[in-house]
Asks: 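Sending over a structure as structure tokens; questions will come in a sec.
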Number of protein chains: 2
Amino acid sequence: MVDARPISSFVDGESIYSSGERAGQAYRVEFGAVRVYRVLANGRRQILAFHFGGSWFGLQNESQHRSTAEAIGVTGVKSINLQENPHAWQGLLPAVLENFLSSQEHQLVIGRQSAVERVAAFLLEMSQHSAHSHRFELFMPRMDVADYLGLTIETVSRSLTKLKNKGIIRLHGARGIEIVEYGVLQRLCL
Amino acid sequence: MVDARPISSFVDGESIYSSGERAGQAYRVEFGAVRVYRVLANGRRQILAFHFGGSWFGLQNESQHRSTAEAIGVTGVKSINLQENPHAWQGLLPAVLENFLSSQEHQLVIGRQSAVERVAAFLLEMSQHSAHSHRFELFMPRMDVADYLGLTIETVSRSLTKLKNKGIIRLHGARGIEIVEYGVLQRLCL
DNA sequence: CGACTTGTTGATGTATCTCAAATCGCGTGG
DNA sequence: CCACGCGATTTGAGATACATCAACAAGTCG
């Protein structure tokens, strides 16, 4: 059973699995957060997804991982060995569908939205994973945000500044976000 | 059983399901091709995926469709009712994982690649779905290619011209593609 | 063989990237 | 508690890739 397995703990930046490694496990975030990314030959990085408490990741069929998963801050993860428990896949279907849906949502964001719209969408997404949806701390540095949204850190920063200047959000230090005009932010992402 | 079900036939542009409609079916392409897309409020469209013979689409958990699926050319589709056959989900897990993987691959393309690189990746993807991988016809108009790659039709056209001028591909009419330097094209996508 | 749709090419505009510098924020140690 | 130092973030100036607008060419179909 999943819940009988111990929690593995990872420090900030530690990799949970790496591209090229032999696959065969399914992982679930217990606390903290995880980024899953791929790197192109020229060094460009795309973060495919962020995962927070309760979310499954690393779900795939192939023998090797194509992506890398790293802890963001101190993070706890439980894993199932799918080789030993092939029947466990059944219960994971909803998780795969959820991952798939998130991936599609994100395609929309990076395919057809402007920089400010992407950042707005990102803030809303993060707010939904926080206890207080209108006031929260980002777990990750700007570089992660940029590589998630297909932008540069400078453009992310400028977009945040624009949202701040319009009075839609307030910034509290480098990571603190306060959403003042939630509705306006939502309308930006249409 | 899936294979006992009749094939539904659709003409070019006909929708198989539409955004907002009640969901609950899984679909498989028998012949022809399908585009799955979403439209933002301001009219911008993002094609999430193209599906060809044998590929499953429309796989999701929710009660309503978020996307629209349309036939590209005359297309045959078989469907399963997942309400009546909830156990059918089991056999669909590999299909969901495949869709998910494709979606992630595409995230990489639209998030971190230049226009020419995106078009190169697209041509390789299409070549893999064709009988002759170095000489094939595109099923879809430029607008579809553009909306799939997060570009405009003009940029797609210019990118094709660049690849042609470099001698990497040859164009035969509006839809015919011949890949002359397969290796060079692959290296472009790294 | 025209009319219409689809695709290409050209000229210009603009959002985002790149390169560079200033500033902030935070941990450390005096 | 405050000064220091360093990485993270912001801001600025200039370059560039892609979008936009407009005209042209090529296919397609009656």
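Labels below follow one simple rule: chain letters A, B, ... track the order of the sequence lines, proteins then strands, and each chain is numbered from 1. Predicted, not measured: the structure shown is a model, and the values here were computed from it.
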Asks: Can you find a heavy atom in the side chain of A:L92 that is under 4.5 Å from one in the side chain of A:L82?
Replies: yes
Asks: Could you run through nucleotides 25-30 of chain D and give me one letter per nucleotide, 5' to 3': B if any protein heavy atom sits under 4.0 Å from the base, S if only the sugar-phosphate is that close, - if neither?
Replies: ------
Asks: Looking at A:R45, is its backbone amide N or carbonyl O close enough to the side chain of B:R112 to form a donor-acceptor pair, meaning the two atoms are under 3.5 Å apart?
Replies: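 Judged by distance alone, yes, a pair lies under 3.5 Å.
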Asks: Could you state the CG-P distance from A:D144 to D:dT9, rounded to the nearest angstrom?
Replies: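 Going from A:D144 (CG) to D:dT9 (P), I get 9 Å.
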Asks: With heavy atoms under 4.0 Å as the rule, sort A:G176 into base, sugar-phosphate or nothing.
Replies: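 No contact.
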Asks: Would you call the rings of B:Y27 and B:H65 parallel, tilted or perpendicular if under 30° counts as parallel and over 60° as perpendicular?
Replies: tilted
Asks: Hey, is the side chain of B:T152 poking within less than 4.0 Å of OP1 or OP2 on D:dC18, counting only N and O atoms?
Replies: no
Asks: Given atom CG of A:D147 and atom C1' of D:dA8, what is their separation to the nearest angstrom?
Replies: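 These atoms are roughly 15 Å apart.
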Asks: Using atom NZ of B:K162 as one end and atom C1' of D:dT16 as the other, report the distance to the nearest whole Å.
Replies: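 To the nearest whole Å, that distance equals 11 Å.
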Asks: Tell me which residues in residues 38-48 of chain B put a heavy atom below 4.0 Å from DNA chain D, sorted by number, or none.
Replies: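 Within residues 38-48 of chain B, no residue comes under 4.0 Å of DNA chain D.
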Asks: If we only count heavy atoms from C-beta on, is the A:Q60 to B:Q104 side-chain gap below 4.5 Å?
Replies: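 A side-chain contact is absent here, since even the closest heavy-atom pair is not under 4.5 Å.
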Asks: In whole angstrom, what separates A:E154's CD from D:dT11's P?
Replies: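 Whole-Å distance recorded here is 12 Å.
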Asks: For A:T155 and A:H172, find the nucleotide of DNA chain C closest to each by heavy atoms; which residue's nucleotide sits nearer the 5' end?
Replies: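 Nearest-nucleotide comparison on DNA chain C picks A:T155.
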Asks: Is a donor on one side and an acceptor on the other found under 3.5 Å between the side chain of B:T68 and the backbone of B:S19?
Replies: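 Side chain of B:T68 to backbone of B:S19, a donor-acceptor pair under 3.5 Å: yes, one is there.
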Asks: Does the plane of the ring in B:H106 sit parallel, tilted or perpendicular to the ring in B:Y148? Use 30° and 60° as the thresholds.
Replies: parallel
Asks: Nearest whole Å is fine: how far is D:dT10 P from A:L171 CG?
Replies: 7 Å
Asks: Determine whether a donor-acceptor pair (N or O, by modelled atom type, separation under 3.5 Å) exists between the side chain of A:Q64 and the backbone of A:G20.
Replies: yes
Asks: Using a heavy-atom cut-off of 4.0 Å across all strands, would you classify B:L151 as base, sugar-phosphate, or nothing?
Replies: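 Result for B:L151 = sugar-phosphate.
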Asks: Please identify each residue that fulfils ring pair (Phe, Tyr, Trp, His ring centres under 6.0 Å) with B:H134, with sequence neighbours left out.
Replies: none
Asks: Within this structure, what is the CD1-to-C1' distance between A:I169 and D:dT10, rounded to whole angstrom?
Replies: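 These atoms are roughly 13 Å apart.
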Asks: If we ignore hydrogens and angles and just use 3.5 Å, is the side chain of B:Q46 paired with the main-chain N or O of B:D147 as donor and acceptor?
Replies: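 Checked: pair present.
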Asks: Side-chain heavy atoms under 4.5 angstrom apart, residues restricted to Ile, Leu, Val, Met, Phe, Trp, Tyr: same cluster for A:M143 and A:F139?
Replies: no
Asks: Scan residues 103-128 of chain A against DNA chain D and write down, sorted by residue number, each residue with any heavy atom closer than 4.0 Å; if none is found, say none.
Replies: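 None - not one residue of the stretch has a heavy atom sitting under 4.0 Å from the strand.
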Asks: Side chains of B:S103 and B:N99: does their closest heavy-atom pair fall under 4.5 Å?
Replies: no
Asks: Return the value, rounded to whole Å, for the distance between atom CZ of A:F139 and atom C1' of D:dA8.
Replies: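 From A:F139 CZ to D:dA8 C1': 18 Å.
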Asks: Could you check if a side-chain atom of B:E105 sits within less than 4.5 angstrom of a side-chain atom of A:R66, using non-hydrogen atoms only?
Replies: yes
Asks: Under a criterion of less than 4.0 angstrom to any heavy atom of chain B, what are the 5'-terminal and 3'-terminal contacting nucleotides of DNA chain C?
Replies: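 Using the under 4.0 Å cut-off, the span is C:dG7 to C:dA11.
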Asks: Does any donor atom in the side chain of B:Y182 or B:S127 lie under 3.5 Å from an acceptor atom in the other side chain?
Replies: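 Per modelled atom types, B:Y182 and B:S127 side chains form a pair under 3.5 Å.
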Asks: Is any side-chain N or O of A:R142 under 3.5 Å from a base N or O of D:dT11, one able to act as donor and the other as acceptor?
Replies: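 Such a pair does not exist between side chain and base.
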Asks: I'd like to check the side chain to side chain donor-acceptor pair (under 3.5 Å) partners of A:R175; sequence neighbours left out, ordered by chain and number.
Replies: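 Not a single residue meets the side chain to side chain donor-acceptor pair (under 3.5 Å) criterion with A:R175.
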